Amino acid sequence: MSDKKRLFLIDAYALIFRGYYALIKNPRINSKGMDTSAIMGFMNSFLDVIKRERPDHLAVCFDKGGSDARNEMYEAYKANRDETPNAIRLAIPYIEKILTAMHIPIMVKEGFEADDVIGTLAKKAEKEGYQTFMVTPDKDFAQLVSENIFMYRPVFGGGYETWGIPEVRKKFEVTDPLQVIDFLGMMGDSSDNIPGLPGVGEKTAKKFLAEFGSMEGLLENTDKLKGKMKEKVEANKELGLLSKKLATIMLDVPVEFNAKDFEMSEPDVTEVTKIFEELEFRRLTDNFVKAFSIEAMAAPGTSHQPPSTNKGSNNSLPLGEMSKGQRGQKTISSSAGQGQFSLFGGDSEPSVATEVYSSRKTIETTEHFYQTVQAGIGRKLFLQNLLKQTSVCFDTETTGLNPLTAELVGIAFSWEAGKGFYLPCPDDREETQHLLEQLRPFFEDEKIEKIGQNLKYDIKVLAKYNVVVKGKLFDTMLAHYLINPDMRHNMDVLAETYLNYTPVSITELIGKKGKNQLSMRDIPIEKQTEYAVEDADVTLQLKEHFQNELGEANIQKLFDEIEIPLLRVLADMELEGINLDEAFLKKLSVELDKDILNLEKHIYEAAGEEFNIASPKQLGEILFDKLKLIDKPKKTKTGQYSTAEDVLSYLAKDHKIIRDVLEYRGLAKLKSTYVDALPEQVESSTNRVHTDYMQTVAATGRLSSNNPNLQNIPIRTERGREVRKAFIPRDKDYVLLAADYSQIELRIIAALSEEENMIEAFKNGEDIHSSTAAKVFNISLEEVTREQRSNAKTVNFGIIYGVSAFGLSNQTDLSRSESKELIDTYYKTYPKLRNYMSEQVDFARDNGYVQTVLGRRRYLKDINGRNQVVRGAAERNAVNAPIQGSAADIIKIAMINIHKILSEGSFKTKMLLQVHDELVFDVYKPELEAMKTMIKSEMEKAYIMKVPLDVEIGVGDNWLEAH
DNA sequence: GCGACCTCTTA
DNA sequence: GTAAGAGGTCGCC
């Protein structure tokens, strides 16, 4: 890098938009319901640039009031851009506030776009001998690139690329970056509403530039063109010249480049931290500190003093002193000078940095009394005291995350905020068992309420020691899931959000996961105590917080009668596991391998070379660049060719290679995801597969399953279905029983909407899709064709998801207008269904949430949003969440009741799996008839509505047969 | 080794 | 159009 001074000019809006849309699928929402994606996205990029580049000079440039000049030239200019999303408009003042607090120069010029401001400044700085980096993803800026002016472009997937003259030449196939203007003028830009020349796209524009060098060159030489293109270009000369003007970044904005104004200076750390905390940003504080500490190094004289700390001042407790000694060295308050805090050189420790600047409380700034209880008289007294309590929070510490194999390391207890006890477990398993026998009276006391975060885990761990946790339970994770299902529920987040407290981080304690990660057992007992008791203490405090909120949102009943009892049910199912026929899968794997190799051979032959078929990138290049199977291949959002199923299926009938690729894909997926992966997941200690049900992940109230996911085992295709044969009963005395709710979601929507036409059909036991077809097409049930039924079925499902004519036509052979007609007739047939749907949307608009039959809520923050797309999604959620969620509620009730009957009746039959509308059981053969009746009846009467629920029972020697 | 992206599996 | 989890590739650190 040359020793020239460097200026970074940041295109604020471009980075804000990019940040916002990058997170659109998974927007960051804080506890106040504010969408902070745009702020977060922008700040991440911004701090990243500073951290990477340590610029001497920089400015962030905003637009204000749009470009007067361009609006004058062309009134449609940027007119039909989508309206700025609300979240972005709200973000701007925050971003300005943060930048101001950071003392970052902000450039705005009323009546000019940021492009023009940046362009003008870049050129002026160049004259002063600066190297300028324009930080923007917007390719329009390429026209400004020169020997000393560069584009600094964030790329998807992280990192940046610098575009100098060679890069621009290559990207745009031009000799001079100025030709980028001609390029943009020719092909136009829909997002900026630059019209461009009709019929000219990227390819043609490049061709024209290569031949004529510029827009003017092209327009003077239209006689060299032929056919349609000639006519079009000649007819649009004016438009071409205008487009070029619109695409030209102006270099005469009345702004001055005074180097002094662009110098980096010391930020107001307290203020920045305050704003971040208000927004509930956590990791960003790390990044901020990191980015600016480096700058402190580069510019001696600036130093960053932390806000006043009272660290350690009131720590008179023994444990506090221990930790003070451990941590003192890392904190700035104990270091002599500013150099100490430099993170220069790469050995940075972000978590430490956060601590220094955060005003959040930590174990070091909070008075606490955490005590280690060793064997002997102390423990005896502790146990006596423990049994006197009515409500106790506990937390187990183990050697790992798998409760089947993890060993207890210690147990923490707390029943008063700020206080708690830790009982370390001996390394020896038998001695630990002995300790647990002493604790058994506590755990099995029905009268003592047990509080915890993710109690399912602790209950499973203790079950392995034959200890049953009895009595009332309060799980803070479940409570928060009901309070706000769209947020995350891990304890660190909850503590920071609700208690303004940062708990000791587990990674700080045992290291990042991977080769060097320690086990809790390797940590000194004093440290274990701090960490474990803090968890119990924090959880106890969270409980106080959440208890009130449950009442306020009317979800107490749902919590007490569904989620809490279900936790025990799930723990039992997970501990039970399911038997897997490994030999069968092994055989299947060999067969698949043979077929895959064969397909590979055919594909390589057709392609004329060997390549990685599993790489969408390589596959796309072979199919569309080399074999040119199609003129205009569809691209993904990252600019790769799309090789997705629907794209390829469309081509399949004409090309054998495509059919082979699709089959290859199917088989490879099957093999890697299921046939080969499942045997790996067999738990050696039980010889069974134990999935982990997540009770707080799905925003609608459904469960999810992982390690392995047993809720997506193939069934649709013949080859895939084979995998189900590998799920088998415990032994020859057992069979598998599968019980499925038939059309539960449609029944729910029929019942909730009180749509008589549909209710009657269900009551009469009609095939609902045929019945719908008969009504919609106005024919008798007997006259319904397969195609009509199939279309009716698609609409029925579509309704549940909030269908559009567009979506429907994509899924059927129907055209867009036929789809629209079908939907219209459908609504006429079932008028109350439509009413119900709009009622849900209205309810959400008025209340901000929708709810299920049991009152489970889902908050829809975008329901009154201005952005069409985002609001549309919220409206579909308003329709779908109560349906999907009510179905989830109902099967949960059934599971709880069935589990109760099975355990109280000491049946040998066990419930093993839940797949949203299906339950799978390992049934002891002598109990089979009783089970069939009991399960069907319990599931059907779990929740009584105006539509009867119907359950289909299947029995077999494997999961497939049971269907 | 980690994360983004793409693709594919289920209800 | 709703709700999930997982595997392979590829670029980044």
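Remember, predicted model here, so these are calculated numbers, not experimental data. Lettering follows sequence order; numbering is per chain, from 1.
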A.B. asks: Kindly determine whether A:Tyr836 and A:Arg834 satisfy side-chain hydrogen bond (donor to acceptor under 3.5 Å, both in side chains), including the steps that lead there.
C.D. replies: CA-CA 5 Å; A:Tyr836 169 77; A:Arg834 177 177 226 171; over 6 Å; no
A.B. asks: Can you tell which of C:dG1, B:dA11, C:dG7 lies closest to the side chain of A:Ala677?
C.D. replies: C:dG7
A.B. asks: What is the distance, rounded to the nearest whole Å, between atom CD of A:Glu621 and atom P of C:dT9?
C.D. replies: 15 Å
A.B. asks: Just jot down the side chain to side chain contact (heavy atoms under 4.5 Å, CB included) partners of A:Ala699, sequence neighbours excluded, or say none.
C.D. replies: A:Asp486, A:Arg858
A.B. asks: Would you tell me if any nitrogen or oxygen in the side chain of A:Thr643 comes within less than 4.0 Å of OP1 or OP2 on B:dT7?
C.D. replies: yes
A.B. asks: Looking at DNA chain B, which of residues 700-714 of chain A put a heavy atom within less than 4.0 Å of it?
C.D. replies: A:Arg702, A:Gln711, A:Asn712, A:Ile713, A:Pro714
A.B. asks: Starting at CD1 of A:Ile622 and ending at C1' of C:dT9, how long is that distance when rounded to a whole Å?
C.D. replies: 16 Å
A.B. asks: Report which part of the nucleic acid A:Val879 touches: base, sugar-phosphate, or nothing (heavy-atom distance under 4.0 Å, all strands).
C.D. replies: nothing
A.B. asks: Within residues 611-619 of chain A, find the residues that approach DNA chain B with a heavy atom at under 4.0 Å, and present them sorted by residue number.
C.D. replies: none
A.B. asks: Kindly state which residues belonging to residues 745-752 of chain A come within less than 4.0 angstrom of DNA chain C, counting heavy atoms of the residue only, listed by number.
C.D. replies: none
A.B. asks: In chain order, what residues pass the side-chain hydrogen bond (donor to acceptor under 3.5 Å, both in side chains) check against A:Lys456, with sequence neighbours excluded?
C.D. replies: A:Glu574, A:Asp692
A.B. asks: Closest to the A:Thr673 side chain: C:dG7, C:dG5, C:dG1?
C.D. replies: C:dG7
A.B. asks: By the 4.0 Å heavy-atom rule, please label A:Val915 as base, sugar-phosphate, or nothing.
C.D. replies: sugar-phosphate
A.B. asks: Under 4.0 Å, heavy atoms only, any strand: does A:Tyr674 hit a base, just the sugar-phosphate, or nothing?
C.D. replies: sugar-phosphate
A.B. asks: How many Å lie between CD on A:Glu663 and P on B:dC8, as a whole number?
C.D. replies: 14 Å
A.B. asks: Quick one: label A:Arg858 by what it contacts on the DNA or RNA (base, sugar-phosphate, nothing), any heavy atom closer than 4.0 Å.
C.D. replies: sugar-phosphate
A.B. asks: Distance alone, cut at 3.5 Å: any donor-acceptor contact between the side chains of A:Tyr693 and A:Asn706?
C.D. replies: no
A.B. asks: Would you classify A:Ile883 as touching base, sugar-phosphate or nothing, given that sugar-phosphate means primed atoms plus P, OP1 and OP2, and contacts are heavy atoms under 4.0 Å?
C.D. replies: nothing
A.B. asks: When all nucleic acid strands are considered with a 4.0 Å heavy-atom cut-off, which category describes A:Thr794: base, sugar-phosphate, or nothing?
C.D. replies: base
A.B. asks: Between atom CE of A:Met911 and atom CG of A:Leu570, what is the distance when rounded to the nearest 0.5 Å?
C.D. replies: 8.0 Å
A.B. asks: Do A:Gln884 and C:dT2 have a side chain to base donor-acceptor pair shorter than 3.5 Å?
C.D. replies: yes
A.B. asks: Please report the interatomic distance OG1(A:Thr829) to CG(A:Leu822), rounded to the nearest 0.5 Å.
C.D. replies: 9.0 Å
A.B. asks: Can you check the A:Trp959 CH2 to B:dT9 C1' distance for me, whole Å?
C.D. replies: 12 Å
A.B. asks: Go through the structure and list residues passing side chain to side chain contact (heavy atoms under 4.5 Å, CB included) with A:Arg845, not counting sequence neighbours.
C.D. replies: A:Val841, A:Asp842, A:Ile863, A:Asn864, A:Glu875
A.B. asks: Separation of A:Met694 atom CE from B:dA11 atom P, in whole Å?
C.D. replies: 20 Å
A.B. asks: Applying a 4.0 Å non-hydrogen cut-off, can you work out what A:Arg716 is touching in the nucleic acid: base, sugar-phosphate, or nothing?
C.D. replies: base
A.B. asks: Where does the angle between the aromatic ring planes of A:Phe797 and A:His769 fall among parallel (under 30°), tilted (30 to 60°) and perpendicular (over 60°)?
C.D. replies: tilted
A.B. asks: Between A:Glu683 and A:Asn402, is any side-chain donor less than 3.5 angstrom from a side-chain acceptor?
C.D. replies: yes
A.B. asks: Between B:dT7, B:dC8, C:dT2, spot the one nearest the side chain of A:Lys669, thanks.
C.D. replies: B:dC8
A.B. asks: Using distance alone, with no hydrogens and no angle criterion, decide if A:Thr691 and A:Ser705 have a side-chain donor and acceptor under 3.5 Å apart.
C.D. replies: yes
A.B. asks: A:Asn880 has a side chain; which of B:dA11, C:dA3, B:dT7 sits nearest to it?
C.D. replies: C:dA3
A.B. asks: Could you check whether A:Ala699 gets within reach of a base, just the sugar-phosphate, or nothing at all, counting any heavy atom under 4.0 Å?
C.D. replies: sugar-phosphate
A.B. asks: Separation of A:Leu913 atom CG from B:dA11 atom P, in whole Å?
C.D. replies: 13 Å
A.B. asks: State, without any angle test, whether A:Gln884 and A:Glu745 hold a side-chain donor-acceptor pair at a distance under 3.5 Å.
C.D. replies: no
A.B. asks: Grab the CZ-C1' distance between A:Arg721 and B:dT10 for me, whole Å please.
C.D. replies: 14 Å
A.B. asks: Could you state the interatomic distance from CZ (A:Arg871) to CZ (A:Arg876), rounded to the nearest 0.5 Å?
C.D. replies: 11.5 Å
A.B. asks: For residues A:Tyr826 and A:Tyr830, establish whether the separation of their ring centroids is below 6.0 Å.
C.D. replies: yes
A.B. asks: Side chain of A:Arg724: nearest nucleotide among C:dG5, C:dT2, B:dT10?
C.D. replies: B:dT10
